[in-house]
Trainee: 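What follows is a single structure, and I will ask about it in a moment.
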There are 2 protein chains.
Amino acid sequence: MRADAARNREAVLQAAGLLFDSADDPAAVSMDDVAAAAGVGKGTLFRRFGDRAGLIRALYELRAERMAEESEAEGGGDGAADDPVDALVRAMDALLRFKIENRALSRALESLGGGSPYTNAAYGHWHGRVTALIAEARGPEAADFLAHALLAAVRSDLVDHLADWPDARLKAGVEELVRSVCGRGA
Amino acid sequence: MRADAARNREAVLQAAGLLFDSADDPAAVSMDDVAAAAGVGKGTLFRRFGDRAGLIRALYELRAERMAEESEAEGGGDGAADDPVDALVRAMDALLRFKIENRALSRALESLGGGSPYTNAAYGHWHGRVTALIAEARGPEAADFLAHALLAAVRSDLVDHLADWPDARLKAGVEELVRSVCGRGA
DNA sequence: ACGTTAAACGGACCGATGGTCCGAATCGTA
DNA sequence: TACGATTCGGACCATCGGTCCGTTTAACGT
């Protein structure tokens, strides 16, 4: 990849990140806006990312990677010998925090049309992980659907709708949900 | 309301219903399409329903009402002396069926942008009902959030994503989820 | 250094869509 | 039937995602 291409790619990602982060409604961030903020022509933008969905996906995956690194780094000991329910609670909590910290971007991703929340590498990853933990905790019976249900409970527009709840209440709700689903609450 | 206005309103609702029902992607149904199919000018369409969201909401509420009537009618005896968990299972099952039968329309409603799935009379109604049943079944602790979570599990795009599952599997999954959340599985 | 070439640039341009406007047509009423 | 209020309808507008192509520029061989 040519040097200017790489430079522009970075500029676009950074500009788009700022725009989405400071937007209430992700739909209000137009491709023209992104191009202008990045100091780049529209042609460049679309050649690099294909379309709006591609840009949003790229940005989302960038942040997801960053989160994965962070949580891995702070995971420290990692104590693999751990209750799957606790592991699931921690995973869901991390996901919830991610959704809160990336409200607008997550909403942008989930509202792309065409079942996009599910046609997504990150979703597949999470669903696999949650399914495995549920299967471990309560058997594989309906683990597949239950995993979808858990993930649906932290969908960004729901989190957004509950934006005036204190974070702790949301977190407690999610934990309660996870423990209930895993077979034995408290 | 003038007679022609009422007639046109009906024509629009019926045409829009047909169009959404036969569409795979609700976004592919344009306001022009609706106006043309209803044999009405665009001005009429927008004056009556305000905007696209208004039309979709009107249509959705129409169907929701129809479903409410039907389920009430067939509810028959109504046996109020009933386990709240069973009642909740039945309610969620009805909602799931509604989402399946109105796939495109539900998706249209849920993908309006601006937290629209939640800014909706029907959602408030369902959430209240589910919250009450959960509170009755397992206490009012996190009932509010758990109700949101249950409703999220039957969101139309998830149902759509799982379209190739047999209906029975979906139904079983929802029932399993409800019973788990209500405190005691099986 | 310099010329060559393939790649990237950028913004004018396009088609579609949601939404507006206003002269024409129509309904209800006296 | 005549008249005023209401509604109709489609031409019109702004915006947005996406394309196109003449121009620029980075990379590399000589």
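Lettering follows sequence order; numbering is per chain, from 1. Bear in mind the structure is a predicted one, so any value in this text is a computation, not a measurement. Only this structure's heavy atoms are used, side chains among them; waters, hydrogens and symmetry mates stay out.
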Trainee: More than 12 heavy atoms of other residues, nucleotides or ligands under 6.0 Å from CG of Asp24(B): yes or no?
Mentor: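 No - once you tally the heavy atoms of other residues, nucleotides and ligands closer than 6.0 Å, there are 12 at most.
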Trainee: Among residues 108-118 of chain A, which residues get a heavy atom nearer than 4.0 Å to DNA chain D?
Mentor: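 Contacting residues: none.
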Trainee: For every nucleotide of nucleotides 1-16 of chain C, 5' to 3': is a protein heavy atom under 4.0 Å from its base (B), only from its sugar-phosphate (S), or from neither (-)?
Mentor: ------BSBBB-----
Trainee: Any luck finding a side-chain donor-acceptor pair between Asn120(A) and His125(A) under 3.5 Å?
Mentor: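 No pair is found: no donor N or O on one side chain lies under 3.5 Å from an acceptor on the other.
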Trainee: Classify the ring geometry of His161(B) against Tyr123(A): parallel below 30°, tilted from 30° to 60°, perpendicular beyond 60°.
Mentor: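 Judged by the thresholds at 30° and 60°, the geometry between His161(B) and Tyr123(A) is perpendicular.
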Trainee: Please check this pair: side chain of Glu110(B) against backbone of Arg155(B), looking for a donor-acceptor N/O pair closer than 3.5 Å.
Mentor: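 No; zero donor-acceptor contacts below 3.5 Å.
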Trainee: Counting only N and O atoms by type, is there a donor-acceptor contact under 3.5 Å from the side chain of Ser111(A) to the main-chain atoms of Arg107(A)?
Mentor: yes
Trainee: Can you name the side-chain contact (heavy atoms from CB on, under 4.5 Å) partners of Phe46(A), sequence neighbours left out?
Mentor: Met31(A), Lys42(A)
Trainee: Check each residue of residues 51-59 of chain B for a non-hydrogen atom within less than 4.0 Å of any atom in DNA chain C, then write out the ones that pass by number, or none.
Mentor: Asp51(B), Arg52(B)
Trainee: With the threshold set at under 4.0 Å for non-hydrogen atoms, list the residues of residues 21-37 of chain B touching DNA chain D in residue-number order.
Mentor: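 The stretch gives none, as no residue of it lies under 4.0 Å from the strand.
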Trainee: Hey, do the aromatic rings of Phe98(A) and Tyr60(A) have their centres closer than 6.0 Å?
Mentor: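 When the ring centroids of Phe98(A) and Tyr60(A) are compared, they turn out to be within the sub-6.0 Å range.
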Trainee: Considering only residues two or more places apart or on different chains, which pairs with a residue in residues 120-136 of chain A satisfy salt bridge (Lys or Arg N to Asp or Glu O under 4.0 Å)?
Mentor: none
Trainee: So which one's nearest nucleotide on DNA chain C is more toward 5', Gly50(B) or Arg7(B)?
Mentor: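 Its nearest nucleotide lies further toward 5', so the answer is Gly50(B).
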